[in-house]
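Index from 1, following the sequence. As the structure lists them, so they are numbered: ligands from 1, and atoms in each ligand from 1.
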Amino acid sequence: MKPIRIGLVGIGKIARDQHIPALRADRAFDLAACASRNADVDGARNYRSIEAMLDGEPDLEAVAICTPPQFHFDAARLALGRGKHVFLEKPPCATTAELDALATLARAAGRTLFQSWHSRYAAAVEPARRWLAGKTVRAGRIVWKEDVRHWHPGQTWIWEAGGFGIFDPGINAISILTAILPEHVRVARAHFLVPSNCAAPIAAEIDFEAASGAAIRAEMDFRHTGVQTWDIDVETDGDTLKLSNGGADMAVNGERVAVAQSAGEYPLLYRRFASLAADGASDVDVVPFQLVADAFLVARHTSVEPFE
Ligand code: NAP
């Protein structure tokens, strides 16, 4: 089959760490072009804006959007409007209405919108979902603590309005939780710590409540140095599940459970994108994004020391 000619928008950390290697290793894709204001990619034709790329590459079939979330909507709308399939990084947009509008646009255009949740492709997530199916959840705990200076060096957009702050990684935990739990959750309470010079939280505590009434407590913190923690624990009426390392590893009652080796989150995401594009189908799940938006609606805010 002919490879899908794809253009990448926003050449930063995730484009270089994951998208470019995954695309170069996948024969279903031809990375033809890139659009970034300040960066070039060897072996692709480079443009300074998505508009210039779409004008210069009429044969492009797909676009992957890797800019900060504040700029996803305009880029995705433009690409769908020009008849391209769109791969959208997480968090999908700045607002939930934007995502809804993109899904509608993709349907009307008969094009694919793949609104990706990369953490759902971590090796132990699907095994955990299968393990939890049919079980009664009693309680849960998310601990998502990382050092922002290490993982997001110089990314000022994260602290601006619409930049999500700690929810930039924290939404990954929620995307896993909502994939593995056999029931819906809602946000009961939230407390955000917001640096006095920032528009987005540096840490958050969220109390989720599952449909059955089970309490799930999330603690997220961007100020964490030392051992980095991306864990989800779920207590059922019999056993306790632990997902660690962002969904890569799984244990039951403290005993490690072997899971099948994964091809990697981004190779799997691109496999999924190719299959959706072949079928003209979309994959959009607003639930993790809605829960983050709900946390922003109900949160109590405490101002903390400035982030430099
Ligand atoms: P990043 O390193 O800041 O890269 C984003 C790139 O987008 C920038 O290098 C910039 O390139 C371009 N851009 C276009 N308009 C921009 C604007 N107005 N302000 C700032 N940059 C702009 O960010 P990233 O870590 O790659 O994250 C990008 C997206 O991927 C986010 O939605 C993030 O949540 C998601 N993601 C990141 C990771 C990760 O580990 N970093 C993992 C999974 C998903 P030019 O200056 O050349 O235009």
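- Using a distance-only test at 3.5 Å, with no hydrogens or angles considered, no donor-acceptor pair links the side chain of Arg5 to the main chain of Phe29.
- Residues meeting the side chain to side chain contact (heavy atoms under 4.5 Å, CB included) test with Arg82, sequence neighbours left out: Leu54, Asp55, Lys84.
- Shown are Ile171, Ile166, Asn172, Ile174; of these, the side-chain contact (heavy atoms from CB on, under 4.5 Å) with Trp144 is made only by Asn172.
- Residues of the protein with a heavy atom under 4.0 Å from ligand 1 are Gly10, Ile11, Gly12, Lys13, Ile14, Ser36, Arg37, Asn38, Ala39, Cys66, Thr67, Pro68, Pro69, Phe71, His72, Glu89, Lys90, Pro91, His118, Gln155, Trp157, Asp168, Tyr266, listed by chain and number.
- Here the closest heavy-atom approach between residue Arg120 and residue Ala179 is recorded as NE-CB, 3.6 Å.
- With Thr136 contributing its side chain and Thr236 its backbone, the two residues share no donor-acceptor pair below 3.5 Å.
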Query raised in the report: Can you check salt bridge (Lys or Arg N to Asp or Glu O under 4.0 Å) on Arg77 and Glu98, steps first, answer last?
Result: CA-CA 9 Å; Arg77 180 173 56 176; Glu98 288 180 350; over 6 Å; no
